[in-house]
Structure formats: structure tokens, C-alpha cells
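All values derive from a computational prediction rather than experimental measurement. What you see below is based on every heavy atom in this structure, not just the backbone, and it leaves out hydrogens, waters and symmetry mates.
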Amino acid sequence: MKKWRLLLCCLLLLILNFSRAAIPVQSQDAPPSSTLQARRQELADRIAERDQLLTAGDPVAIVQVRNRITELQLQLFDLDAALAESQASLDLARQFAGTSNATLLADTLNLAADARVRHSDAEGAVTLLNEALTLSHALGYRHGEAQAHALVGGAQFELNDPGSGDNYNQALQIWRELNDKRGEAQTLAGQGLNYIISDQRIEAAATLQSAEAIWRSLNASTELANT
């Protein structure tokens, strides 16, 4: 890989790590921590909260806190722990199918798939993401659809599947319909990383510039500093 591509790939990985928003069920109450120390502290607090909830038997609360733990573990690159935590959360969340908490199952499927992509199991991730897409579409849960399409795009790229670009574009279309600027910027960043790896310089530059413009409009200092 050429030096410029290696440097840009490292930069994009930082952008994706620092800018990764929490799945909406968690992020509405607890925005992602922006510093390493803060993330470690929140992780410790959430693990303690999980252990308390396990004795209370509230499955919705347990899944929510397990999902947040998974997000933090991914941000801290503890991939083995994230994979295990996401699987435990998914096993519990499956009982929400057909209930008023079904969107939480969709979120958990997406998060579990993300953990698998990071763990070099793109095929396993696609299986979960197809389930998430079907469920989100049936529920009319557009955020879940957009998140799943974006993750499918990344997983397909890992598998050299030509459908990757289509899924990124579908995700972007939905984010724009929802006016979800953060989701749009994150998807553009992921797409830009893939363009870099594919040695598509013009497309990479345009995509990353679009992501940067969105971060600026959001005054997202952490993401902008790494763009």
C-alpha cells in the first residue's frame, strides 16, 4: 500500500472510532464519551450498572446497558470483549421480536454485526444485518434501516462484494431524509475509507470533504480535529 494511502487509512480509522455515535436507544441519554479517560470511566460505570441490573431482571434495561458497553469496548478496541458482550445482549434482545421493544432488537442486531465486522467476521455480520434490515423495514424503523445499510456496505467491501456502494448510497439517502447529519457524516467517512483502500483518490477526497463540511456544521470538535 502506498504511504499516502496508509496514512489516510489510519486517519479514517481514527475518525470512525471517535465519531461513532451510540445506537439511538443509548445515545439519546448518554452521548459517546470523547476522551480515552472518559470512555474508560464510563465503561467501568456501565459494567457496574449491568451487574446490578442482572439481579433486577429488567431485560430492556439490561440490553440497553449491554449495548452501550459494547459501543465503548469497540471505541477502546477491546474487540474480543465487545463481541462477547454484543452476543449476550443479542441473545436477550431476541425476546423483543413482535413486541413494542422490537426496534431495540433491530439496534442490537446492528451493533452485534458491527462487532463481528471489527472481528473479521464479515459473513456473520451480513447474516445479522439482513435480519436487521428485514425487521427495520417491517417496523418502518428508518434509522435502523440506514444503520444496517451502512454496515452492510462496510461488510460487503470486506468481502469484495460489488454491492457495497449501493448500500452506502441507500444509507446516505435515508440519513438525508431523516436529516440525521451525524449518521450521514459517519457513513461518508466509512465510504471514504473504502475509496482510499480502493485507490480511488478523487472519490475519496470528495467524500471526505463532504464529511468534514458536516462535522463543521455540527461544530463537532472531536470529529473535525481528526478529519
Side-chain angles (χ1 to χ4, degrees), residues 7-54 58 60-90 92-93 104 106-121 125 128 143-144 146-148 150-151 154-155 175 180-190 192-193 208 211-212 214-216 218-227:
L7 291 173
L8 285 174
C9 284
C10 292
L11 176 61
L12 259 295
L13 286 172
L14 285 173
I15 294 171
L16 289 172
N17 180 54
F18 282 108
S19 67
R20 183 174 299 275
I23 295 297
V25 172
Q26 289 78 47
S27 62
Q28 292 173 356
D29 299 322
S33 306
S34 59
T35 68
L36 183 62
Q37 182 178 358
R39 285 175 178 174
R40 287 175 173 168
Q41 183 58 57
E42 186 185 352
L43 177 59
D45 293 343
R46 294 290 184 159
I47 289 174
E49 181 183 0
R50 178 201 63 192
D51 293 344
Q52 291 178 345
L53 287 170
L54 286 172
D58 182 348
V60 171
I62 293 170
V63 168
Q64 289 175 336
V65 76
R66 279 192 180 277
N67 285 357
R68 183 59 183 150
I69 288 170
T70 299
E71 291 165 358
L72 290 164
Q73 289 168 334
L74 289 174
Q75 291 167 357
L76 293 167
F77 296 101
D78 191 350
L79 303 185
D80 289 340
L83 184 65
E85 193 72 30
S86 68
Q87 184 60 56
S89 187
L90 180 57
L92 186 59
L104 180 54
D107 289 336
T108 307
L109 284 163
N110 281 330
L111 185 58
D114 192 9
R116 280 157 179 74
V117 170
R118 311 274 204 99
H119 215 270
S120 301
D121 181 16
L128 293 180
H143 193 291
Q147 188 73 19
L151 290 167
W175 291 133
D180 189 322
K181 296 298 185 181
R182 180 174 288 274
E184 181 181 354
Q186 290 167 345
T187 301
L188 287 167
L193 175 60
L208 296 180
E212 180 184 7
I214 294 173
W215 293 135
R216 287 187 183 279
L218 296 174
N219 195 27
S221 57
T222 299
E223 294 85 348
L224 188 57
N226 291 281
T227 302

Where is the tightest heavy-atom contact between [X] and [Y], given as atom of each residue plus distance?
X	Y	result
L79	R118	CD1-O, 3.2 Å
E184	I214	CD-CD1, 3.5 Å
A82	A115	O-CB, 4.2 Å
L76	R39	CD2-CB, 4.1 Å
A61	L53	O-CD1, 3.7 Å

Which distance, rounded to the nearest 0.5 Å, do you find between the [atom1] of [X] and the [atom2] of [Y]?
X	Y	atom1	atom2	value
R46	D51	CZ	CG	13.5 Å
D78	E85	CG	CD	10.5 Å
I47	L72	CD1	CG	9.0 Å
L43	E71	CG	CD	11.5 Å
H119	L74	NE2	CG	10.0 Å

Are side-chain heavy atoms of [X] and [Y] found at a separation under 4.5 Å?
X	Y	result
L83	D121	no
V63	N67	yes
D107	L111	no
L188	L208	no
Q73	S86	no
R182	W215	yes

(request) Look at the side chain of T187 and the backbone N and O of G183, then say whether any donor-acceptor pair between them is shorter than 3.5 Å. (result)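 Indeed, once roles are kept as given, a pair shorter than 3.5 Å links the two residues.
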(request) Test D180 against Q186 for side chain to side chain contact (heavy atoms under 4.5 Å, CB included), laying out the working first. (result) CA-CA 10 Å; D180 189 322; Q186 290 167 345; over 6 Å; no
(message) Quick test of your reading of the model: are E49 and R68 salt-bridged, counting only N-O distances below 4.0 Å?
(response)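 Salt bridge absent between E49 and R68.
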(message) Among L109, L151, T70, L128, exactly one meets side-chain contact (heavy atoms from CB on, under 4.5 Å) together with D114. Which residue is that?
(response)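 Running side-chain contact (heavy atoms from CB on, under 4.5 Å) over L109, L151, T70, L128 with D114 returns exactly one hit, L151.
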